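Everything numeric here is computed off the predicted structure, so don't read it as measured data. Each chain gets a letter, A, B and so on, in the order its sequence line appears, and its residues count up from 1.
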Protein chains: 2
Amino acid sequence: MQTDPLSAKFAALADPTRRAILARLCEGEASVNDLAAPFDMSLPAVSKHLKVLEKAGLISRGREAQWRPARLEPMGMKGIAEWLEHYRRYWDASFDRLDAYLKKIQKGDPRGPGH
Amino acid sequence: MQTDPLSAKFAALADPTRRAILARLCEGEASVNDLAAPFDMSLPAVSKHLKVLEKAGLISRGREAQWRPARLEPMGMKGIAEWLEHYRRYWDASFDRLDAYLKKIQKGDPRGPGH
DNA sequence: GCTGCTGTCAACCGTTCGGTTAAATATTGG
DNA sequence: CCAATATTTAACCGAACGGTTGACAGCAGC
């Protein structure tokens with residue numbers, strides 16, 4: 001696992017199973033068994049996925065009797081959204097004409113995000 | 001490498017070196033040597049990173065003499081942005097109160113919104 | 001207590017990842 | 001053609017990933 005938070009978040013999202021888990025958690029808290037049900041996968045595997053998501057700050061976990069319910073961490077994806085925002089002008093249609101204009105007048109350097 | 005495009009994009013972004021390469025490409029096209037300069041890393045390593053980014057659809061490459069300049073693929077991150085948009089309500093401040101309300105009814109609070 | 005259910009831990013396994021070095025492949029210019 | 005420059009390919013390596021199975025721990029109810 002990477003050390004920097006952004007890499008951890010991207011890595012956590014780079015797995016369809018983990019994205020499906022997040023989608024399921026949009027409907028509310030769920031136990032490990034609930035989350036594992038749709039997958040042809042052992043319980044420890046799902047448990048590991050949850051640990052990856054938790055370390056990435058995308059979910060948090062509670063304790064209720066013998067259950068460890070998982071829930072979405074609301075601010076978890078904010079870092080990704082902010083990083084992505086720097087690149088919005090490259091795909092957003094409303095910036096297409098500006099982009100073309102910038103390319104035309106300066107072959108050299110439209111200053112982009114310096115990250 | 002995963003087969004589905006979204007996983008490939010997320011995986012490509014889950015590496016600081018590759019994100020730095022993308023940031024550099026915001027300033028314009030660059031050759032492999034240019035891109036490799038800031039890193040304490042061999043040229044083949046950078047070449048591999050470029051291949052990952054290209055397969056993810058985040059950059060494209062041309063040919064000019066013996067150079068293979070890389071450039072940003074403008075629409076490359078649109079898929080990510082669209083996926084992320086589904087979760088916007090979980091972090092966006094303008095939805096904070098809705099979020100709180102949803103958490104309330106998730107926990108089975110018998111009182112409705114009017115009480 | 002014991003039983004059953006829930007979840008994690010530990011060890012293992014095959015594959016992929018991120019890097020290296022050395023050799024091969026363009027492509028241009030003299 | 002030859003030499004120089006730029007880049008990729010091939011083979012290899014250690015570490016991390018995604019999964020398994022089996023043993024173990026926490027908690028409720030009889």
Discussion item. My understanding is that only residues two or more places apart in sequence, or in another chain, count here; which of them pass side chain to side chain contact (heavy atoms under 4.5 Å, CB included) with A:E54?
Written reply: A:I59, A:R61
Discussion item. Measure CD1/A:I59 against P/C:dG7 and give the value in whole Å, please.
Written reply: 13 Å
Discussion item. With no hydrogens and no angle check, just 3.5 Å: does a side-chain donor-acceptor pair link A:S47 and A:R68?
Written reply: no
Discussion item. Rounded to whole Å, how long is the line connecting atom CG of A:L53 with atom C1' of C:dT8?
Written reply: 16 Å
Worksheet item: So does A:R18 get a side-chain nitrogen or oxygen closer than 4.0 Å to the phosphate oxygens (OP1/OP2) of D:dG18?
Response: yes
Practice prompt. For A:L50 and C:dT8, give me the distance from atom CG to atom P, rounded to whole Å.
Written response: 7 Å
Practice prompt. Taking the side chain as every heavy atom from C-beta outward, state whether B:V52 and B:R18 have any pair of such atoms under 4.5 Å apart.
Written response: yes
Worksheet, complete the sentence: In whole angstroms, the gap separating C1' of C:dG7 from CD of A:E54 amounts to 13 Å
Worksheet entry | Earlier contact from the 5' end, DNA chain D, for B:V46 and A:H49 | B:V46
Practice prompt. Check every atom of C:dT8, C:dG7, D:dT7 against the side chain of A:R61 and return the nucleotide holding the closest atom.
Written response: C:dT8
Practice prompt. Round to a whole Å and report the spacing from CG of B:L13 to P of C:dG18.
Written response: 12 Å
Discussion item. Expressed as a whole number of angstroms, how long is the span from B:F39:CZ to C:dG18:C1'?
Written reply: 14 Å
Worksheet entry | Annotated protein contacts, base or backbone, on nucleotides 25-30 of chain D with a non-hydrogen cut-off under 4.0 Å, one of B, S, - each | -BSS--
Worksheet item: Which one, D:dT20, C:dG19, D:dT8, comes nearest to the side chain of B:A45?
Response: C:dG19
Item to complete: Take the protein atom CG of B:L43 and the nucleotide atom C1' of C:dA26, then report the distance between them rounded to whole Å.
Response: 15 Å
Item to complete: Tell me whether the OP1 or OP2 atom of C:dT20 has a side-chain N or O from B:S42 closer than 4.0 Å.
Response: yes
Practice prompt. Sugar-phosphate atoms are those with a prime plus P, OP1 and OP2; base atoms are the rest. Using that split, label each nucleotide of nucleotides 9-14 of chain D B, S or - for protein heavy atoms under 4.0 Å, 5' to 3'.
Written response: B-B---
Worksheet entry | ring-ring contact (aromatic ring centres under 6.0 Å, His included) partners of residues 31-86 of chain B, not counting sequence neighbours, each pair once | B:F10-B:W83, B:W83-B:Y87
Worksheet item: Got B:S7 and A:R19 here, is their nearest side-chain heavy-atom distance under 4.5 Å?
Response: yes
Worksheet, complete the sentence: B:E64 meets the side chain to side chain contact (heavy atoms under 4.5 Å, CB included) criterion, sequence neighbours left out, with B:E29, B:P69
Worksheet item: Hey, is B:D4 close enough to B:K9 for a salt bridge, meaning N to O under 4.0 Å?
Response: no
Worksheet item: What heavy-atom pair brings A:A12 and A:L53 nearest, and what distance separates the two atoms?
Response: CB-CD2, 4.2 Å
Worksheet entry | Atom-pair distance (CE on B:M41; P on C:dT20), nearest Å | 7 Å
Discussion item. D:dT5, OP1 or OP2 - any side-chain N/O from B:N33 closer than 4.0 Å?
Written reply: no
Discussion item. Run the side chain to side chain donor-acceptor pair (under 3.5 Å) test against B:S42 and tell me which residues pass, sequence neighbours left out.
Written reply: none
